[in-house]
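Because the structure is predicted, anything quoted here is derived from the model rather than measured. A, B, ... follow the sequence lines: proteins, then strands. Residue 1 opens every chain.
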There are 2 protein chains.
Amino acid sequence: MTKNDADRQLLRKSGYKATPSRLAILGIFKKARKPLSAQEVIDALPRSADQATVYRTLKSLNGKGVLKQIDLRHNHAHYELADLAEHHHLICLACGKIEIVHHCGMEETQARILRSSKHFAEIRQHALEFYGVCKSCALKEKKNN
Amino acid sequence: MTKNDADRQLLRKSGYKATPSRLAILGIFKKARKPLSAQEVIDALPRSADQATVYRTLKSLNGKGVLKQIDLRHNHAHYELADLAEHHHLICLACGKIEIVHHCGMEETQARILRSSKHFAEIRQHALEFYGVCKSCALKEKKNN
DNA sequence: TTTTAAATGCGAATTATTTGCAAATAATTT
DNA sequence: AAATTATTTGCAAATAATTCGCATTTAAAA
């Protein structure tokens, strides 16, 4: 259980109890290495935890910065482990294909924005996603015209 | 109806019929000048158009780049007129306050990303939003500890 | 004016997320 | 190691968000 201990600590440090469901959910995100929806997490859980538990867990881990919420334009939230190297996504609006985008260079921009903001005390996260059409979907679109 | 004619043209140019509902919806966004949810659009419509119509309209106008979808982390989509000067948002996770962010400097970044992408043919839009806590909510949070 | 493809309205279906509450349990204290 | 306590869970039901099928209407083209 050496591996698990890191997650236990992470949870404790964030002010949560290290329960089996939470450890399992973290484990799923570690394996997946791509944005997962609540439903995908539920399906991936071996002895399915209740959906309410999954939703609650995702929301609170997102709040604590353990997970990061991603908007893939699918009408439901996706999440990813936040401590993976900082990256963003390029998402095909037609088929959903995802490509990783590194180096957004937003760290300084974010600091500048906060400094020049009238009302804000803190920036906790930012979303930067690019929506487009992948090459194979672009071909298909051409055919259909 | 001079004003309306611009919208009629816009719709036609995008391949749509210029129907009363669509013109009304465009009008609402022009007045609002802030991100609106489908429900807010429905409520703002004088002789309420059907919700299915509103959802369909928002989705297709977003697809054509007339509207831009914004994720405020409210569990439902928001939209804004896309042709307002390019800007982004700073959103309070606690109370929902929104501040406008100008100059994201993403245009070049976006071009660079597309060039170095293996699979993508086109980038149609990008989302860049900052989530944080506004000063007054930060104060409240302090009190509750 | 007729035609026709596109758009609408309606109701119902589906999907996504949250809630209230009683029971279970992780961490803490004894 | 047992007792305590504040969290967390599971369940079922509620609510919210979005989509669908289909008959009818309508904007634009012919």
For [X], side-chain hydrogen bond (donor to acceptor under 3.5 Å, both in side chains) partners two or more places apart:
| X | value |
| --- | --- |
| Q39(A) | D43(A) |
| T109(A) | none |
| R12(A) | none |
| E80(A) | H87(A), H89(A) |

Exercise. Round to a whole Å and report the spacing from CD1 of I25(A) to P of dT8(D).
Key: 12 Å
Quiz prompt | Atom-pair distance (CG on L58(B); P on dA7(C)), nearest Å | solution = 14 Å
Self-check item: L23(A) to A18(A) - nearest heavy-atom pair and separation
Solution: CD1-O, 4.3 Å
Quiz item: Stems in DNA chain C: runs of 3 or more consecutive Watson-Crick or G-U pairs, distances under 3.5 Å?
Solution: C:1-30 with D:1-30
Quiz prompt | Distance below 4.0 Å between Y55(A) side-chain N/O and dT17(C) OP1 or OP2 | solution = yes
Exercise. Share the residues that join L93(B) in a hydrophobic cluster, the rule being Ile, Leu, Val, Met, Phe, Trp or Tyr side chains under 4.5 Å apart at the heavy-atom level.
Key: I70(B), L72(B), I91(B), I98(B), Y131(B)
Quiz item: Quick one: hydrophobic cluster around Y55(B), which other residues, with the 4.5 Å side-chain cut-off, linked directly or via members?
Solution: none
Self-check item: For K17(A), all residues meeting side-chain contact (heavy atoms from CB on, under 4.5 Å), sequence neighbours excluded
Solution: T19(A), R22(A)
Quiz item: Listed by chain and number, what are the side-chain contact (heavy atoms from CB on, under 4.5 Å) partners of R33(A), not counting sequence neighbours?
Solution: L84(A)
Self-check item: Residue whose closest nucleotide on DNA chain D lies nearer the 5' end, Q39(B) versus A49(A)
Solution: A49(A)
Quiz item: Which residues pass the ring pair (Phe, Tyr, Trp, His ring centres under 6.0 Å) test with H78(B), sequence neighbours left out?
Solution: H74(B), H76(B)
Quiz item: What string of B, S and - do you get for nucleotides 19-30 of chain C 5' to 3' if you count protein non-hydrogen atoms under 4.0 Å?
Solution: BB----BBS---
Quiz item: What residues in residues 61-77 of chain A put a non-hydrogen atom under 4.0 Å from any atom of DNA chain C?
Solution: N75(A), H76(A), A77(A)
